[in-house]
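These notes concern the structure reproduced below.
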Amino acid sequence: MCGIVGYVGGRKAAGIIYGGLKQLEYRGYDSAGIATLEDGKISVVKRRGKVSVLQPYIGGLGGTAGIGHTRWATHGGPSDENAHPHSAGKFSIVHNGIIENYSELKEKYFPDTAFLSETDSEIIARLLDKFYDGDFLYALKKVADLLKGSYAAAVICADFQGLALIKRNNPAIIGYGEGENFAASDAPALSFCKQITILEDGDVAVLTADGVSIFNERLQGVIRERIVNPATPLSLELGDCPHYMLKEIREVPASVERTRTAYLSVENKVGLTLAGAERIIITGCGTAYNSGIIAKRFIETFAHMPVETEIAGEFRYKNPIITPNTVVVAISQSGETADTVEAAKLAKRLGAVVVAVTNAPYSQLTRCADAVVPVEAGSEICVAATKSYTGQLTALYLMAKTLAGQGAAEAVKSLSAVAPLCERVIAEGADIDTLADMCARASGVYFLGRDIDHGVALEGSLKLKEISYVPSEGYPAGELKHGTLALIDIRTVSVFLITSPRLAEKSANAVEQVLSRKGKAAVITNVAAVRERFAGRVPVISIPECDEYLSPFLTAAAVQLLAYKTALLLDRDPDKPRNLAKSVTVE
Ligand code: M6R
């Protein structure tokens with residue numbers, strides 16, 4: 001949530017910060033701002049809108065030190081006033097996270113002060129101003145001690161030619177240059193720095209052009225490891241695609257290929273970590289959770305091991321039962337989702353072995369895991385997860401095979417057909433147009449399937465509502481008659497996923513139940529009998545025949561394209577859906 005960039009050196013800060021914010025826009029895009037420091041004077045520009053709203057002001061912002069922010073609103077709606085930086089006296093700050101005790105602090109220290117914004121963040125600037133007696137470091141430490149909740153904040157002070165960072169439960173990174181230093185919430189903003197340091201909770205870092213000093217919670221100077229920056233710049237090129245979402249759907253086959261190859265190098269470690277596992281709990285949020293639902297089927301079928309799935313935001317507050325030999329698999333594209341990271345930390349505290357499945361090495365999630373199964377989807381800019389979902393399915397399929405005792409080479413080979421088949425689904429995506437048109441006109445869209453198709457139905461529904469704003473639900477096809485059928489009428493569309501010959505007849509019956517209630521329906525299938533039965537009666541999206549357990553890779557590409565096309569028909573921005581951000585680092 002929200003992106004932070006900071007700079008101090010010999011160059012003009014504003015342009016550098018602006019470039020970094022463009023790289024972090026996926027973290028939030030409802031307002032943006034930059035503060036720079038020139039000759040002991042702070043200048044601030046902040047506006048409601050995407051980062052590009054700042055562009056006309058960059059030339060006018062002088063100074064060689066500064067901070068910037070791109071926001072996803074938590075407290076206070078998107079507006080110029082609520083945009084960061086927030087300033088008080090000699091200070092300007094940008095903040096990611098949530099200050100849970102901001103009302104309390106405001107009441108205690110500023111009962112009569114009218115704040116300029118509705119944010120929880122402004123309190124940081126106000127407190128710094130209150131406790132500053134000429135000692136910047138002391139003020140930072142004093143304020144950090146008062147804050148409850150999660151934060152990564154970058155601060156400039158009119159008296160100090162540099163910037164500072166404080167952090168707890170939100171990522172903060174330092175990047176090193178020659179005669180200049182950088183700060184950011186995420187590595188992609190600093191991809192040009194060869195070396196970075198990931199700060200630890202409680203750290204206070206002070207950056208000048210000449211160096212970086214880091215202090216721990218007790219304000220003792222500490223040395224934190226410098227690591228080679230794993231980030232490559234986000235490729236902001238769209239090529240011939242009008243949107244990142246389409247570009248990233250087209251990259252699904254490459255995501256599968258890279259992820260399955262990468263598995264060969266971790267299989268040993270993963271195998272050792274999973275040895276002795278008797279029970280698996282899979283956790284994650286949103287799309288990552290949905291990939292866990294498919295993984296449950298993979299593991300139960302291949303390894304005959306009991307698996308539970310838990311939404312991370314629930315798991316972390318439910319006093320989970322961790323028995324000996326329980327492995328918790330935490331799935332997260334970003335590796336920074338607060339609920340997932342906290343769920344993994346809790347599992348670890350309770351004695352579970354934790355395996356992270358993530359696209360982000362060196363994320364908070366990987367740092368608390370016993371083993372990491374890499375998802376090599378490459379950077380995903382569109383808020384809607386597409387190629388990362390399929391990458392997660394790849395990693396989880398292979399992990400399930402390891403749990404089943406199958407060698408990696410054989411398992412990796414068993415996925416060799418997936419990428420070419422996905423390519424076919426994506427290339428033939430035009431067949432989805434009629435269905436997209438139906439969905440765009442519908443009052444509600446239901447995605448239905450049995451067994452493994454149910455998992456993809458959940459993801460299809462999430463994708464559609466996320467980027468088209470059409471109300472949607474994913475449901476087990478067999479459950480339709482136990483309640484949801486009451487919602488079916490001529491304005492609703494039911495999309496049936498039918499890939500298992502075993503269950504095809506049962507799901508086909510559910511299609512008939514919808515049609516006989518005058519509901520609209522469509523079928524996504526690779527079962528010949530289903531295709532023949534419904535041809536000419538409802539739109540039939542045909543996907544290639546494949547092993548039942550490879551079908552989610554293909555149906556996923558189909559429902560992703562369906563959501564994309566529906567969003568376009570409704571004139572939505574599929575890359576930046578309203579109210580959302582790519583990485584949710586707050587509760
Ligand atoms: O980075 P994560 O995988 O942990 O993110 C979890 C969810 O926020 C994410 O999958 C979200 O549901 C997607 N935007 C859905 O497309």
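Sequential numbering from 1 along the given sequence is applied to the chain's residues.
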[X] and [Y]: which non-hydrogen atoms are nearest, and at how many Å?
X	Y	answer
Val527	Ala504	CG1-CB, 4.1 Å
Pro574	Cys382	O-SG, 3.5 Å
Ile331	Ala288	O-CB, 3.3 Å
Ile321	Ile281	O-CD1, 4.1 Å
Cys2	Asn96	CB-OD1, 2.8 Å
Ala369	Ala356	CB-CB, 3.7 Å

Check whether [X] reaches the backbone of [Y] with its side chain - one donor and one acceptor, N or O, closer than 3.5 Å.
X	Y	result
Ser150	Ile98	yes
Tyr29	Leu580	yes
Arg279	Val327	no
Thr70	Glu25	no
Asp575	Tyr244	yes
Asn325	Ala277	no
Asp370	Val353	no

Quick check on side chain to side chain contact (heavy atoms under 4.5 Å, CB included): which of Leu458, Leu464, Thr555, Val493 does Phe447 satisfy it with?
Leu464
Among Leu569, Leu568, Leu570, the one residue meeting side chain to side chain contact (heavy atoms under 4.5 Å, CB included) with Thr566:
Leu570
Within the 4.5 Å heavy-atom criterion, are [X] and [Y] side-chain neighbours or not?
X	Y	result
Pro320	Leu346	yes
Ser255	Glu380	no
Thr525	Val540	yes
Leu562	Ile541	no
Pro361	Val372	no
Tyr389	Glu459	yes
Gln333	Val375	no
Leu554	Cys422	yes

Who are the ring pair (Phe, Tyr, Trp, His ring centres under 6.0 Å) partners of Phe534, not counting sequence neighbours?
none
For His243, check ring pair (Phe, Tyr, Trp, His ring centres under 6.0 Å) against everything at least two apart and list the hits.
Tyr564
Between the side chains of [X] and [Y], is a donor N or O closer than 3.5 angstrom to an acceptor N or O?
X	Y	answer
Arg572	Ser468	no
Arg531	Ser542	yes
Lys463	Thr287	yes
Asn526	Thr499	no
Thr394	Thr259	no

Flag the pair [X] and [Y] as a salt bridge only when some basic side-chain nitrogen lies within less than 4.0 angstrom of an acidic carboxylate oxygen.
X	Y	answer
Glu376	Arg260	no
Arg533	Glu512	yes
Asp339	Arg316	yes
Asp30	Arg48	no
Asp433	Lys565	yes
Glu342	Lys345	yes

Any chance you could measure Met245, atom CE, to Leu238, atom CG, to the nearest 0.5 Å?
14.0 Å
Hey, what do you get for OG1 (Thr492) to NZ (Lys520), rounding to the nearest 0.5 Å?
7.5 Å
Restricting to side chain to side chain contact (heavy atoms under 4.5 Å, CB included), what partner residues turn up for Leu487, sequence neighbours left out?
Tyr446, Glu473, Thr484
Tell me whether Arg491 at atom CZ has more than 12 heavy atoms from other residues, nucleotides or ligands lying less than 6.0 Å away.
no
Please check if the number of heavy atoms outside Glu314 that lie under 6.0 Å from its CD is greater than 12.
no
Can you list the residues that meet the salt bridge (charged side-chain N to carboxylate O under 4.0 Å, His left out) rule with [X], with sequence neighbours excluded?
X	result
Glu248	none
Arg450	none
Lys269	none

Any chance you could lay out the side-chain hydrogen bond (donor to acceptor under 3.5 Å, both in side chains) test for Tyr263 and Thr402, step after step, and finish with the verdict?
CA-CA 10 Å; Tyr263 192 74; Thr402 299; 2.5 Å; yes
Set out, in order, the CA-CA distance, both residues' side-chain angles and the distance that settles side-chain hydrogen bond (donor to acceptor under 3.5 Å, both in side chains) for Tyr289 and Thr309, then state yes or no.
CA-CA 8 Å; Tyr289 174 76; Thr309 53; 3.3 Å; yes
When you measure from the centre of the six-membered ring of Tyr469, is the NZ or CZ of Arg578 closer than 6.0 Å and no more than 45° off the axis?
yes
Over 60° means perpendicular and under 30° means parallel, so classify the ring planes of Phe298 and Phe553, tilted if in between.
parallel
